[in-house]
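Below, read A as the first sequence line, B as the second, and so on, with proteins coming before strands; counting in each chain starts at 1. Not measured: the values here are computed from a predicted model.
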Amino acid sequence: MLEKNFNHQEKEKQIYQKWEQMELFKAHPESNKPPFCIVIPPPNVTGVLHMGHALDDSLQDVLCRYKRMQGFDVLWQPGTDHAGIATQIVVEKMLAKEGISRHDLGREKFVERVWEWKNQSGGQIINQLKALGASCDWSRERFTMDEGLSAAVRKIFVKMYKDGLIYKDKRLVNWDSKLQTAVSDLEVIQKEAIGKMWYMNYPVEGTTNQFITVATTRPETFFGDTAVAVSDKDERYKDLIGKNVILPIINRAIPIIADEHADPEKGTGAVKITPAHDFNDFEVGKRHHLEMINILDTYGRLNENVPEEFQGMDPLTARPLVLAKIKELGLYVKEEDNPMTIPYGERTGVIIEPYLTDQWFVDTREIGRKALEAVENGSVKMYPENMKNTYYEWMRNLQPWCISRQLWWGHQVPVWYGPDGKIFCEETEEEAYAKAQEFYGKDISLTRDTDVLDTWFSSGLWAFSTLGWPEETIYLKKYYPTSVLITGFDIIFFWVARMMMMSLYAMKEIPFKEVCFHGLVRDEKGQKMSKSKNNGIDPLVMIEKYGADALRMALLVQAGTGRDVLIGDSRVETYRNFATKIWNAAKFTQLNNCVVDPAFNPKSVQLPLNKWLISKVAKTADSISKSIEEYQFNDASNTVYHFAWGTFCDWYLELTKPILNGSDTRAADETRKTTAWALDQILKMMHPFMPFITEEIWANTAERSEMLMATSWPKYMDCVDEVAEKQIDFLIGMISSIRSVRVEMNVPPSIKAQLLIKDAQENEADLIRSNQILLSQLARLESIDFVNESPKGSVQKIFGTITLALPLAGLIDVAAEKERLMKEREKLASYLKGLDAKLSNEAFVSKAPANIIADQRQKQAETRSSIEKIDEAYNRLADL
RNA sequence: GGGUGUGUAGCUCAGGUGGUUAGAGCGUUACGUUGACAUCGUAAAGGUCACAAGUUCGAGUCUUGUCACACCCACCA
């Protein structure tokens, strides 16, 4: 017997353990069931579960549980990401509390500390995923820096290097001076700000009063200027091309060059060129073979290439001083406000400087083209489809991918240098050493490159590295390419695009057949969750308070493809109430001895009411299937919600009460069995969404040979009975329509249900007549005029007639009823007016399709008669 | 500057291929229930479907334009 309430705090853990003990999450590559595989977007190993994970993983869990019930051999491949930058920052902060920096420890000791921290906190997020109910195959848990995955990273790197796809280059990169590392374009966040534009004069060499005015937002960088560019079509400067200008303060001569980069329309038409500190200038510098003067150190401070008085300064400190000097020299022209964007580090929040260093790059042209084609030609499908446009846009403008990071936590680049700087790129130090020996013909010592790889390099391999690549495992064979990737659209470039490129390169095959993007989770007001707003909602708190089922459902009912999801207490509470409702429905079936009969055959039932329910079960299960297959999780979960609450609890259980308590024992017996059967089907349909409570009810409502999650999805389309469905739907429509009267009359549900007891008649006319009698009793009428065929029309008639009856029965306030009738009449009259106008419109009558016209005519007649009835009722009221 | 969305009840959202009194949940109000319901049930109020023009017998739905908001990308001497 079910307890009074479902104690989610206690039961969810027990149920989860049971699933694990019975190994229900395990994949079975040896089985001949068809494969279904999802790789989890790996959360940061040191992270905690946030709402984004809760949504992402709930969606995946729904799919996995559903597919298992559909007879698939499901592998939900779990694991975590080493998250280079994020993790290093966390550990450095911890060290800072102890008063030490990573440099005090040295690289080796620091990395040890990170491993310690990983081992200590890495299990946390996994346990949190379990609390959510995630049915991952935990026996296969991987980590992007475990031995196998590290080997995969080295292998790919070496292969790409040898294929010429990875190369080292001295280029401008985005430099994070706090982390002391390069970051990729995607890791730079542009923020808008109102800056200033300063104009200053550069004297032309050999003249005393000739100047070129340049405009700049960063005057302090002029120490690194190596040219001034003008357009060769610009009359103002045409003659100066080839001459030099003298940089103020440092008195260095730099050439005036002609370059397309200079736009006569913009600024003064003359651009100072600082190749080492600006991406455009860098390109100009390369075109003209200009010197590249780096004026910053790795901490972003002015270095020895500027006059001593400015050395060691931060650019923003130096700026006013430089400007003051220029003013002193009489070369300052003016300043004006200038809206601009300033680049900040995604993780550190410091200003990102373009910085000239040696870095490793992936040449993305070829692999990017293949990744683009795979989506263009439909090999990989995207949901929602418009995400393809975003993907295309980025893929068509791919830049070289800077994969090296000057961090300590990550995959160290498998590159060794000879004494002369010769590169040996091999998977192991031994191999590199062997190659070096061979090359030099003698024993030499090698030094290893200190860079580590961008985290996304290893996550780019995730789809196949987790399955065992480069080993030819049965997992790789059976589950690759994976079925679908479910992730947020915020990492489409970071991760999805990189996985596409890396997988197509390494495997010569797509990593997944479909990608399903979901939106962001926001707070109840639709605002982005952020630490600064302090509006974050902790999924674990929600689980503790309302249960994992309620949280999942609250997320799922909104999870259409691509849409944002709002979450908050009231939403989760709603679905906790839903869970309680189902719990109580199950309790109700037990109290009424609705026991599962293993021999029950849904095709053999006799009562239309039972046939109706079985039909609805079949159709609902089918509709949920379709929605899930299309990743319409919101439709699927809403369907099961409304079916369980509305169709099953509100209607079926209410309507069967008099049958269960009635004298027809055969009908009662059939109804009990049908109820028990239907509850089982509902539990199955609900299980992917609310796995815990359904499993608990399942276990407590009968002797079960297997757990709910191991059962199969209900497929009963062959039990659909359209006739019974139509009958009962019709009656429900009628009953619904008299609800307003019922309130006043206080009709108990059992009378409502009696209407339906009589529905054993299969013929609609009989059905109507029998209910006519009941309706007339209900309304204490001697007769009831009820002739219409169409359900909607009938509803209107009944409404009018019962209204007529009520005052006679002395059940309601006459004045109030009169007012209500007038209102109703007004509504109908205005509707009728519209219909009359339309039907007398020649254009409508001649052009509209016949069925529409017929329909309108009928409506017109019905409405007219309804108005008459109301008038009649009103008159009778007046007589009282 | 380029792109992608969104705008329907107080709030959050549904509303295939145009078809007629525009729906749900939450919230509000009223009444009822505590014999499945840490609640539930029944109902009421609440909407010129952002705005404008167009196509059409008929537009929330299609076209164009305008406005507002959100996000993404790029540029910014």
(message) Roughly how many Å apart are B:G19 and B:C62, using the P atom of each and rounding to a whole number?
(response) 11 Å
(message) Taking only the C1' atom of each, what is the distance from B:C31 to B:A9 in whole angstrom?
(response) 23 Å
(request) Just call it for A:K272: base, sugar-phosphate, or nothing, with non-hydrogen atoms closer than 4.0 Å on any strand. (result) nothing
(message) Counting the atoms with a prime plus P, OP1 and OP2 as sugar-phosphate, which does A:R218 contact under 4.0 Å by heavy atoms, base, sugar-phosphate, or nothing?
(response) nothing
(request) Tell me the stems RNA chain B sits in, counting at least three consecutive Watson-Crick or G-U wobble pairs, each under 3.5 Å on both distances. (result) B:1-7 with B:67-73, B:10-13 with B:23-26, B:28-32 with B:40-44, B:50-54 with B:62-66
(request) Please list residues of residues 184-192 of chain A whose heavy atoms come under 4.0 Å from any atom in RNA chain B, ordered by number; otherwise none. (result) A:Q190
(message) When the P atoms of B:G16 and B:U28 are compared, how many Å lie between them, rounded to an integer?
(response) 31 Å
(message) Taking 4.0 Å as the cut-off, does a side-chain nitrogen or oxygen of A:W645 come that near to OP1 or OP2 on B:G41?
(response) yes
(request) Name the nucleic acid region contacted by A:R576, choosing base, sugar-phosphate or nothing; use a 4.0 angstrom heavy-atom cut-off, strictly under. (result) sugar-phosphate
(request) Answer yes when A:K233 and A:E260 have at least one side-chain N-carboxylate O distance shorter than 4.0 Å, and no when they do not. (result) no
(message) By the 4.0 Å heavy-atom rule, please label A:T217 as base, sugar-phosphate, or nothing.
(response) sugar-phosphate
(request) Pick base, sugar-phosphate or nothing for A:N5, based on heavy-atom distances below 4.0 Å to the nucleic acid. (result) base
(request) Could you work out the separation of B:G10 and B:A44 based on their C1' atoms and round it to a whole Å? (result) 16 Å
(message) Taking the P atom in each of B:G18 and B:U63, what is the distance between them to the nearest angstrom?
(response) 11 Å
